[in-house]
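Worksheet: the structure to be examined is printed underneath.
We use all heavy atoms of the structure for the numbers below, so side chains are in, but hydrogens, waters and symmetry mates are not. Since we're looking at a predicted model, the values are computed, not measured.
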Amino acid sequence: MYTGRSLVVAVSIGMIALVLLGKLFLIQVTDDSYLRKAERNAIQRVVDHPYRGLVYDRNNSLMVFNDPVFDLMVIPKEFELEDTTRFCDLFGIEKQVLIDGFNAAKNYSWVKPSPLIKQISKEEFGRVQDFLIDYRGLFVMTRSVRAYPQSAASNALGYIGEINASQLNRDSTRYYVQGDYVGLSGIESYYEPELRGRKGVKYKLVNVRGIEKGAFKNGDLDTLSLPGENLQATIDLDLQVYGEKLMEGKRGSVVAIEPKTGEILTMISAPVYDPNILTGAKFGENYQSLNMDPEKPLFNRPIMAMYPPGSIFKIVQSLIGMQEGILTPNTTYPCNRALVNCHNHPSPVNLFGAIRNSCNPYYHQAFRQVINQEVSSNTYEDTQIGLDKWRESVMKFGLGSQLGIDMHGEKGGSIPSSELYDRIYGKGRWKYSTIYSLSIGQGEMLVTPLQMANLAAIFANKGYYYTPHLIRAIDGDPSRIPEKFKTKRDTGIDTDHFDLIQDAMAAALSGTAARAIMKDITIAGKTGTAQNPAGEDHSVFIAFAPKEDPKIAIAVYVENAGWGGRAAASTASLLIEKYLTGEINRPELEEYVLQGEFIY
């Protein structure tokens with residue numbers, strides 16, 4: 001009896017098991033209704049990219065803002081496309097672009113979303129958004145690109161672009177992923193941590209058509225993005241725009257600094273380019289065009305171009321000579337053209353006259369006294385000792401090394417040492433007659449326009465400077481700028497020595513830069529003509545104004561424009577007038593510069 005009951009129970013259990021197994025087979029293998037129901041309620045993880053911080057000028061005029069664009073994201077496993085031609089026509093792309101984009105997405109991940117079409121403009125997105133419901137596996141991610149109300153200061157501001165593999169590998173914070181945008185140059189790069197903000201994440205329920213059905217778990221798992229911090233630049237946008245206008249059709253640079261703070265008022269690299277063309281979907285195409293341009297608009301001349309300082313360097317020689325006790329206001333030398341060529345002026349001249357008339361033979365003789373102080377009876381060894389001592393003094397003026405501006409890629413120039421000449425000529429085989437061209441800022445000496453503007457600030461401040469910088473406040477807080485920009489740097493030259501220098505610089509305008517003279521504002525300046533073995537010499541001018549209470553120091557380089565008293569001095573004088581008075585009352589000088597009649 002019990003055996004029969006056990007058999008019935010066993011058979012019943014077996015039949016129930018078979019029914020359950022059969023039903024399970026139907027659900028998992030033959031019936032996809034549950035799969036479709038699950039698909040209709042898929043969870044989609046969407047990264048919420050923050051807006052980058054805005055950039056304002058020193059007067060709170062907007063310089064950089066964000067313009068929304070849209071990336072069309074694809075999940076390769078879910079993507080279905082029946083009519084390729086219609087899709088390509090709809091989004092305005094070639095078939096091969098679609099194929100390449102899909103293959104790249106597959107290579108990245110079969111199940112994770114990645115961009116299929118990048119940076120669709122808001123106008124284009126408005127045209128296609130109603131058609132997205134027709135395609136599975138697609139959704140849109142909102143991003144932003146930079147936009148500029150004024151097409152100015154492109155090299156100072158920099159640009160953003162998609163992060164590359166090497167940058168991803170160097171990212172120890174693991175903040176970035178493939179496809180993210182990052183600052184690539186200018187202050188966009190230097191202040192990337194402040195500008196980028198913090199990403200957020202949203203989890204959404206979407207159906208098979210990609211239509212949002214609401215937040216997953218009522219948004220309890222979502223995190224908010226935080227926008228980047230706003231920056232206030234030191235640049236005066238009106239002055240920047242005017243300076244770029246003056247430099248149209250020319251090659252060169254302009255750097256103007258507020259002497260008492262080191263804040264950069266304008267930084268111009270000519271030829272300039274419109275920063276708006278390095279945004280959006282055509283970034284790569286436009287970048288390549290700029291990069292191949294023989295005029296090199298992407299080359300940031302203020303911090304990267306290096307030239308001989310020319311006659312401007314005579315002022316540094318004067319200060320070092322006075323500090324060493326070798327030169328005094330009454331030290332006089334004849335204008336002996338047998339030593340080095342010079343232009344017509346009275347002879348002999350004292351130190352004031354040497355600066356005012358830019359006398360080459362004077363500095364040939366004075367520099368020799370600085371270098372050969374008879375520390376050693378061996379003239380070769382004595383020259384080596386004197387040169388290295390002189391070099392230490394020169395480098396305190398911020399020459400021969402990077403100043404440390406808040407931009408990447410700055411060059412440091414070159415102030416030659418005895419080691420350099422040992423490599424060139426051999427140890428103990430060179431003396432003063434080998435290096436005398438340094439006396440007038442030529443030879444193996446190289447400086448950047450930024451260093452020359454900083455030099456003008458030193459002369460204005462009578463011996464000190466603050467590291468030039470482009471940002472004066474972060475998120476409205478001036479105390480947050482790096483400490484190095486608030487540190488006073490001294491040249492080691494007695495303040496009293498600068499009185500003669502400033503007076504001579506003011507007088508020099510009537511001798512070599514008469515065009516730069518203003519009626520009611522005293523400008524102290526110095527012209528230079530930087531030798532250029534590859535063509536016409538470069539026109540150079542540095543200045544500060546007003547002489548008694550300097551508010552602007554400036555350096556102008558105009559390549560292949562010859563004498564410094566023409567192109568460079570005229571441009572600098574107009575910018576000084578614009579900054580100090582807010583207007584231009586010398587239209588004839590402005591026309592002279594705009595027409596570029598000084599260009600050979």
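- W390 and F313 have perpendicular rings, their planes meeting at more than 60° on a 0 to 90° scale where under 30° would count as parallel.
- With salt bridges taken as basic N to acidic carboxylate O contacts below 4.0 Å, one links D549 and K551.
- Panel note: side chain N291, backbone Y287; no donor-acceptor pair is recorded below 3.5 Å.
- Using a cut-off of 4.0 Å between Lys/Arg side-chain N and Asp/Glu carboxylate O, E559 and R301 are scored as salt-bridged.
- N360 places a side-chain N or O within 3.5 Å of a backbone atom of N341 that can act as its donor or acceptor partner.
- A side-chain donor-acceptor contact under 3.5 Å links E192 to the backbone of G183.
- Y362 and Y333 have perpendicular rings, their planes meeting at more than 60° on a 0 to 90° scale where under 30° would count as parallel.
- Between the side chain of S347 and the backbone N or O of H345 there is no donor-acceptor pair closer than 3.5 Å.
- Proximity of a side-chain donor or acceptor of Q369 to a complementary backbone N or O of G321 within less than 3.5 Å is not detected.
- Without hydrogens or angle criteria, Q317 side chain to H364 main chain gives no donor-acceptor distance under 3.5 Å.
- A donor-acceptor contact shorter than 3.5 Å links the side chain of D57 to the backbone of L237.
- In the model, Q240 has a side-chain atom that pairs as donor or acceptor with a side-chain atom of E244 under 3.5 Å.
- Within the 3.5 Å criterion, the main-chain N or O of G280 finds a donor-acceptor partner in the side chain of Q119.
- Between M304 and K411, the closest heavy-atom pair is O-CG, 3.5 Å.
- Between F485 and H469, the ring planes are parallel. Angles under 30° get that label, and only those over 60° would be called perpendicular.
- In summary, E248 and K245 do not engage in a salt bridge, as defined by a charged side-chain N under 4.0 Å from a carboxylate O.
- Listed by chain and number, the residues in a salt bridge (charged side-chain N to carboxylate O under 4.0 Å, His left out) with K547 are D503 (sequence neighbours excluded).
- A donor-acceptor pair under 3.5 Å is formed between the side chain of T491 and the backbone N or O of G463.
- Looking at R52 and S144, their side chains never bring a donor and an acceptor atom within 3.5 Å of each other.
- Distance alone, capped at 3.5 Å, places no donor-acceptor pair between the R566 side chain and the S539 backbone.
- A donor-acceptor contact closer than 3.5 angstrom is absent between the side chains of S570 and S573.
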